[in-house]
Participant: 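Following this message is one structure expressed as structure tokens.
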Number of protein chains: 2
Amino acid sequence: MTRTVPAPLPPDLFDPDCPVPTVPVLGGKKWAWRILRCLEGGPRRFSELRVPLVGITAKVLTESLRSMEQDGVLERTEFAENPPRVEYALTPLGRTLLGPMDAVCDWSRANLAELLAAREAFELAER
Amino acid sequence: MTRTVPAPLPPDLFDPDCPVPTVPVLGGKKWAWRILRCLEGGPRRFSELRVPLVGITAKVLTESLRSMEQDGVLERTEFAENPPRVEYALTPLGRTLLGPMDAVCDWSRANLAELLAAREAFELAER
DNA sequence: CCGTATCCTACAGGATACTG
DNA sequence: CAGTATCCTGTAGGATACGG
């Protein structure tokens, strides 16, 4: 009788048609998660978002917000005032993302030290 | 008395020195999460990984594996055989990543339809 | 205040060929 | 089998200037 080997990995383990890997909100965008976090406590204005998002340019913030709006995780509201006012708020869909996002953030906080230590050890081992 | 407004976002909401955003395993790498998933069931060989990771080149797979090894989430073991054999396996640290990863994947599965619908609605609204 | 319009750069990722 | 070595390209992201 042959020895039991682990099942080989199926070639179709990942659906090539699945658009999830390309969903920007899932990591493709540098700022998306932070923006989500900024909106956690309620709607925020464009200029308000620029404060904690240190270094972001208007162009990139606009692009990020548009992309997330397109994905339905946030909503853009323009008020017909002068000077103009625009508010961004999480949609219910966007709000459901906070849970998984927290899971990842918690992991980072809990394991950052170990990860950095691993990096150092790796560099030492290279010489 | 003034009306209560939401607290302004603090400028230091995100630590500029925090290396988490640059941690490749957290989304910066296109293939990292899939590789993690491939190793979930036990150690795998280089060529074995190439099967489900359709379209990945040897160079990119090597780079991804090295980067993840450096971060301490997987371990590379070289056997002194001929032909050569190399196995990649999750470390305990890497295994702790599976939980948060599942949370995100579950979210994707549960909300993909809604997200795609939002994209379509957005495109329609643009015209 | 809230963007848009250009231009530019860095780097992840890929194509192809070759090697211990 | 498990990679390196080159070369190349696409695009996210940034700098700067201007517009409604």
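What you are looking at is a predicted structure, and each value in this text was computed from that prediction instead of being measured. Labels below follow one simple rule: chain letters A, B, ... track the order of the sequence lines, proteins then strands, and each chain is numbered from 1.
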Participant: Has A:T91 got a side-chain atom pairing as donor or acceptor with A:G72's backbone, closer than 3.5 angstrom?
Facilitator: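 A pair under 3.5 Å: yes.
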Participant: Of the nucleotides C:dC1, D:dC1, D:dG13, which has the atom closest to the A:S47 side chain?
Facilitator: C:dC1
Participant: Please write out each protein N/O paired with an N/O of nucleotides 4-7 of chain C under 3.5 Å, distance rounded to 0.1 Å.
Facilitator:
from	atom 1	to	atom 2	distance (Å)
C:dT4	OP1	A:R66	NH2	2.9

Participant: For A:F79, report the nucleic acid contact type (base, sugar-phosphate, nothing); a contact means any heavy atom under 4.0 Å.
Facilitator: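 It contacts nothing in the nucleic acid.
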Participant: Please determine whether a side-chain nitrogen or oxygen atom of A:Y88 lies at a distance below 4.0 Å from atom OP1 or OP2 of C:dG3.
Facilitator: yes
Participant: When rounded to the nearest 0.5 angstrom, what is the spacing between CG in A:L49 and CG in A:L39?
Facilitator: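 Between A:L49 CG and A:L39 CG, I get 5.5 Å after rounding to 0.5 Å.
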Participant: Can you measure B:I56 atom CD1 to C:dT16 atom C1' for me and round it to whole angstrom units?
Facilitator: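 It works out to 16 Å between those atoms.
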Participant: Could you tell me the separation between the CD atom of B:E78 and the P atom of D:dG3, rounded to a whole number of Å?
Facilitator: 7 Å
Participant: In whole angstrom, what separates A:E81's CD from C:dC2's P?
Facilitator: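 My rounded result for the distance is 10 Å.
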Participant: To the nearest 0.5 Å, what is the distance between CZ (A:R37) and CG (A:L98)?
Facilitator: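 A:R37 atom CZ to A:L98 atom CG measures 6.5 Å (nearest 0.5 Å).
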Participant: Could you check B:E48 against B:R50 for salt bridge (Lys or Arg N to Asp or Glu O under 4.0 Å), going step by step and ending with a plain yes or no?
Facilitator: CA-CA 5 Å; B:E48 213 174 349; B:R50 298 189 70 172; over 6 Å; no
Participant: Any chance CD of B:E40 has more than 12 other-residue heavy atoms, nucleotides or ligands included, within less than 6.0 Å?
Facilitator: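 Yes.
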Participant: Drop me the distance from B:N111's CG to A:D71's CG, to the nearest 0.5 angstrom.
Facilitator: 11.5 Å
Participant: Distance check needed: D:dC1 P versus B:R50 CZ, whole Å only.
Facilitator: 10 Å
Participant: Is it the case that the side chain of B:S67 and the backbone of B:E63 share a donor-acceptor pair, with hydrogens and angles ignored and the cut-off at 3.5 Å?
Facilitator: no
Participant: Of the listed nucleotides (C:dG20, D:dG3, C:dG3), which one gets closest to any side-chain atom of B:P84?
Facilitator: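 So the side chain of B:P84 is nearest to C:dG20.
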Participant: Can you tell me the distance, in whole Å, between the CD atom of A:E48 and the P atom of C:dC1?
Facilitator: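 Spelled out: CD on A:E48 to P on C:dC1 is 12 Å.
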Participant: Would you tell me if any nitrogen or oxygen in the side chain of A:R76 comes within less than 4.0 Å of OP1 or OP2 on C:dG3?
Facilitator: yes
Participant: Given atom CD of A:E63 and atom C1' of C:dG3, what is their separation to the nearest angstrom?
Facilitator: 12 Å
Participant: For C:dC2, take OP1 and OP2 only and decide whether either is under 4.0 Å from a side-chain N or O of A:R85.
Facilitator: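 Indeed not, no polar side-chain atom of A:R85 lies that close.
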Participant: Nearest whole Å is fine: how far is C:dC2 P from A:L65 CG?
Facilitator: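 Those two atoms, CG and P, are 11 Å apart.
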Participant: When you check the phosphate oxygens OP1 and OP2 of D:dG3, does a side-chain N or O of B:R45 lie under 4.0 Å from one of them?
Facilitator: no
Participant: Picking from D:dG3, C:dG14, D:dG14, which would you name as closest to the side chain of A:T57?
Facilitator: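 Selected nucleotide (nearest to the side chain): D:dG14.
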Participant: Whole Å only: how far is the CD1 atom of B:I35 from the C1' atom of C:dG13?
Facilitator: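 Value for this atom pair: 13 Å.
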